[in-house]
Amino acid sequence: MEYNFKELEPKWQQRWRERGTYHVEVDPARPKYYVLDMFPYPSGAGLHVGHPLGYIASDIYSRYKRLCGYNVLHPMGYDAFGLPAEQYAIQTGQHPAVTTEHNIARYREQLDKIGFSFDWDREVRTCDPGYYKWTQWAFLKMFGSYYCRDRQQARPIGELEEAFARSGTEGVNAACTAELHFTAADWAGMDEHRREQVLQNYRLAYRADTMVNWCPQLGTVLANDEVKDGLSVRGGYPVEQKRMKQWSLRVTAYAQRMLDGLETLNGANRSKRSSVTGSAARRVHRSSSTCAVSTANSKSSPRAPTRSSASPSWSSLPNTNGSTSSPRPKTRRLSRITSNRPRNAPSASASPRRGA
Amino acid sequence: MPSPVIFGLEITPVVAGGDISKESYDAKEGKLINSGFLDGMEVREAIGKMFDAIEQRGLGKRLVNYRLRDAIFSRQRYWGEPFPIYYRDEIARPLPESALPLELPPVSDFGPTEEGEPPLARAAASVDDGRRRSARTVDDARVRRFVRLLPALHGPAQRPRARRPRSGRILAVGRPLRGRHRTCDGPPDVFALLEHVLYDLGCVCEPEPFRKLVNQGMIQGRSNFVYRVVGTNKFVSFGLKESYETQEIHVDVNIVRNDQLDLDAFRAWRPEFADAEFILEDGKYVCGWAIEKMSKSMFNVVNPDYIVDQYGADTLRMYEMFLGPLEQSKPWDTNGIDGVHKFLRRFWRLFHAGDALAVTDEAPTPKELKTLHKTIKKVREDIENFSFNTSVAAFMICLNELGECRKRAILEPLVALLAPFAPHIAEELWERLGHTASVCDAYPVCDESYLVEQSFEYPVMINGKLRFKQEYALTASPDEITADIVARPAAQKWLDGKAPKKVIVVKGKIINIVL
């Protein structure tokens with residue numbers, strides 16, 4: 001009898017489906033093991049032979065661990081939000097959800113043919129509200145937290161507000177965009193807007209003016225790795241530097257901890273993600289808020305947020321009482337928050353610390 | 001030229017061993033000179049001492065500079081998740097957790113608005129009570145690709161909870177993030193941040209969830225070329241192209257096998273080639289090749305469906321692993337795929353004679369057991385080390401060593417051993433061997449005792465010359481060997497019926513017969 005893979009492979013794939021061979025349930029009797037792949041972006045072109053390489057490797061590993069008695073969780077899903085589907089939607093009017101769904105079906109068909117042991121009952125789609133509910137939840141956590149350097153951990157932003165009400169910035173050692181100095185009386189005198197601006201200086205998820213790669217044709221900002229030689233990688237459109245209000249995450253607060261975390265990743269090359277120069281730095285990294293400011297070097301001044309020359313893009317959105325557009329009048333320099341400071345002070349952090 | 005040289009300034013060398021008249025010398029190793037209290041120290045030591053002194057004297061303080069920036073997290077796009085934020089009185093306010101998820105609202109047009117606002121602005125004003133929703137969507141590509149928070153994985157709508165540290169381990173296999181310059185060997189920063197924050201807030205139990213992260217290499221394309229004789233529709237084979245003026249044209253790699261062009265498929269490929277003529281070498285059209293990025297425009301994209309149709313999924317799986325070390329980039333090259341496919345065919349044939357199962361219950365020989373357990377050991381170790389290419393090779397070696405062995409005691413563990421690599425054929429054979437459950441029962445364990453050498457092939461010297469070899473169990477005593485060896489026909493050829501003067505047996509080494 002010949003090796004008839006054409007008959008045998010679909011037969012077993014169907015049986016695995018019918019029998020739920022790869023369905024995983026919590027099982028306290030067995031040790032657990034989690035094998036996670038990076039989820040693919042379901043592009044219109046489908047898979048080529050390079051794509052499954054990692055999935056095959058992780059599948060072999062998962063099956064092996066399962067054979068060794070582990071309860072293995074090996075999920076698959078789709079990184080389903082993204083620019084290509086949206087560009088296609090702009091060109092054709094087709095809703096991105098429709099093309100994404102179509103592409104996912106094609107990916108699934110291709111993946112199924114390779115005989116993976118994924119638990120498809122746990123399929124994840126990042127465009128599914130049931131999924132992004134939790135990334136939104138995580139965002140709210142970051143929005144509602146600041147990083148306390150003394151305790152080396154994230155704390156609820158409410159604790160910072162209490163500290164400001166008690167004694168201003170005195171005794172506060174928190175990761176921030178710019179070092180601020182004000183008293184409890186200053187804080188008490190601030191209105192809601194000002195307070196929120198102060199808090200944005202500390203929140204782990206914050207809005208700030210940032211220089212971004214702006215691609216007018218794509219109508220969005222792009223990450224550095226999405227720009228090559230001044231053109232967008234996708235589409236090849238010109239990209240310009242523009243100051244815009246953007247949501248940012250205070251990754252820098254965690255630089256050392258993330259670096260330490262790499263130590264637990266055995267086999268990982270530790271040098272690349274965030275290499276530490278290990279020497280006394282001659283300059284403070286431009287946007288790095290974890291750096292202490294060296295008094296020895298006059299060049300050291302973290303960039304203070306400044307008013308964007310163009311009005312922040314969201315400010316001209318139609319507001320709620322129906323008028324089509326109203327420029328937002330209240331944008332201020334953060335450095336002006338400390339009211340009795342000269343307006344031309346170079347930046348909040350470079351000025352000498354004031355007593356409470 | 002350095003400016004001190006241009007301006008004729010005196011240069012004081014501070015690290016011994018350089019010649020500063022030629023170039024600046026800032027070696028990281030060597031002893032310091034001309035540096036006061038630092039003299040005689042190694043550079044590395046001196047750097048630390050220098051910082052101490054600067055801090056002591058109040059000249060400055062040391063700080064660590066991280067090559068890291070805060071991550072921009074928003075996009076002015078539609079097809080992403082909305083920020084759970086609304087604006088009232090122009091102040092960003094969080095939605096309550098109970099209002100999640102904030103769903104992506106439908107819009108009529110996906111492009112930016114006429115004012116250059118993000119498409120979501122079209123839906124932003126629709127919120128009542130003085131609130132306006134954020135028009136941004138989250139750019140969390142770096143989080144999305146790793147999903148640990150997964151409610152979907154932890155059960156429906158269940159909030160991620162703090163748990164005791166897991167006994168289980170976590171592994172991630174990922175592709176490097178877009179291009180070499182961005183390659184990071186840790187989880188993406190934004191993802192890592194999220195984990196740390198949730199850890200701090202008591203939502204998860206570990207700040208760094210991964211135990212091991214594997215970055216796979218890229219699979220490059222292996223392009224094939226045909227050579228059109230300029231101005232004609234004639235194509236000349238690779239080996240003969242020097243005699244003509246030719247134009248190199250990418251040809252679809254799916255109609256080339258072992259660099260040999262399928263002529264009919266080529267004519268059918270595109271209308272312009274329908275009446276193509278060929279100048280062949282040895283009756284074949286040989287294509288040129290090059291390693292390039294796998295891309296549609298190079299006609300070197302290989303669809304896994306095609307390989308599955310031609311060879312089966314198990315062959316594809318094993319061949320992808322066989323291509324080379326997982327973390328290395330390597331070209332896709334189907335030239336070796338036949339070898340892997342033949343291996344699986346051969347494995348299948350071991351179990352069958354005609355249509356019947358031909359597996360016997362005969363007891364395996366020590367040699368067969370040794371081969372089996374050697375393979376088990378190798379494959380298990382290789383999987384643990386993510387060295388899948390070498391484990392595929394180990395299977396092939398194993399089959400070669402086993403020859404025509406059809407013994408159940410050997411073949412059954414081999415089926416289980418192969419199951420992670422080629423699950424379909426393994427399931428089928430497992431069933432044919434009489435099992436009703438899936439081949440996911442238990443992985444074969446290597447019994448080291450089988451790996452211990454059981455016997456030794458002694459070189460037999462007669463009057464100082466190597467005449468033949470004879471195998472004896474390592475447990476056999478010199479007396480037993482002496483008694484047996486002289487009776488062997490190979491020895492008798494030299495002894496000629498006479499008793500040898502002396503037989504010296506060095507256990508596990510050599511046998512000497514003196515006539």
Side-chain angles (χ1 to χ4, degrees), chain A residues 1 3 5 8-9 12 32-36 38 48-50 54 56 58 60 63-64 67 79 81 86 89-90 96 113-115 124 126 129 132-134 136 140 153-154 196 219-220 225 246-249 251 254-255 258 261-262 264 268-269 272-274 277 280-281 287 292 294 296 318 320, chain B residues 60 62-63 65-66 68-77 79-81 84 91 94 100-101 103 110-112 125 130 144-145 152 168 170-174 178 182 184-186 189 192-193 196-197 200 208 216 219 301-302 304 308 312-313 317 320 345 348 352 355 383 420 424 427-428 443:
Chain A
M1 162 171 276
Y3 168 46
F5 59 87
L8 176 162
E9 290 182 350
W12 281 100
K32 42 193 174 179
Y33 211 101
Y34 187 4
V35 181
L36 184 61
M38 281 178 100
H48 68 59
V49 287
I56 294 171
S58 65
I60 291 172
R63 287 172 178 275
Y64 164 76
L67 278 158
D79 173 17
F81 277 136
E86 188 160 354
I90 292 168
K113 284 187 183 172
I114 306 176
V124 169
T126 57
Y132 65 67
K133 173 183 181 176
W134 295 105
Q136 288 177 337
L140 291 180
Q153 65 170 189
E196 182 52 32
T220 192
D225 52 312
Q246 293 290 340
W247 284 100
S248 293
L249 297 181
V251 178
Y254 282 84
M258 286 198 268
L262 284 181
T264 64
N269 178 344
K272 288 188 193 164
R273 180 165 79 190
S274 40
T277 60
S287 64
S294 162
T320 46
Chain B
R62 85 181 70 197
L63 60 89
N65 204 9
Y66 299 93
L68 191 68
R69 298 183 64 162
D70 281 352
I72 296 174
F73 201 54
S74 49
R75 293 232 184 201
Q76 291 67 22
R77 300 302 298 236
W79 190 230
E81 62 183 78
I91 295 176
L100 300 183
E103 294 200 24
F110 307 105
R144 289 195 310 244
R145 288 187 166 221
I170 297 175
L171 159 103
V173 177
R178 294 181 195 161
R182 266 293 305 174
C184 69
D185 287 330
D189 296 331
L193 171 78
H196 280 285
V197 174
D200 286 352
E208 193 76 48
Q216 70 177 69
I219 296 262
V301 170
V302 183
V308 169
R317 293 169 63 102
E320 291 238 358
R345 280 191 183 286
W348 177 267
H352 298 92
D355 276 355
I383 295 178
H424 308 87
E427 288 276 24
E428 180 70 22
Y443 213 51

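Reminder, nothing fancy here: chain letters follow the sequence lines and each chain counts from 1.
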Mind listing the closest non-hydrogen atom pair of A:P129 and B:P101 along with its distance? O-CB, 3.5 Å

Taking side chain as everything from C-beta outward and backbone as N, CA, C, O, which of these in A:Q136 sits under 4.5 Å from a heavy atom of chain B? Side chain, backbone, both or neither. both

Toward chain B, the part of A:F5 with a non-hydrogen atom under 4.5 Å: side chain

Of the listed residues (B:R345, B:H424, B:E320), which shares the most heavy-atom pairs with chain A below a 4.5 Å separation? B:H424

Most contact-rich option vs chain A, by heavy-atom pairs under 4.5 angstrom, among B:V197, B:L100, B:D200, B:V302, is B:D200

Out of curiosity, A:K133 NZ to B:E103 CD, how far, rounded to the nearest 0.5 Å? 11.0 Å

From B:H196 NE2 over to A:Y254 OH, what is the distance, rounded to the nearest 0.5 angstrom? 8.0 Å

Tell me, out of A:V49, A:I56, A:I114, A:L140, who's got the most heavy-atom pairs with chain B below 4.5 Å. A:V49

Would you call the rings of B:W79 and A:F81 parallel, tilted or perpendicular, taking 30° and 60° as the class edges? perpendicular

Does a side-chain heavy-atom distance below 4.5 Å link A:I60 with B:R317? yes

Sequence neighbours excluded, the answer for salt bridge (charged side-chain N to carboxylate O under 4.0 Å, His left out) partners of A:E9 is none

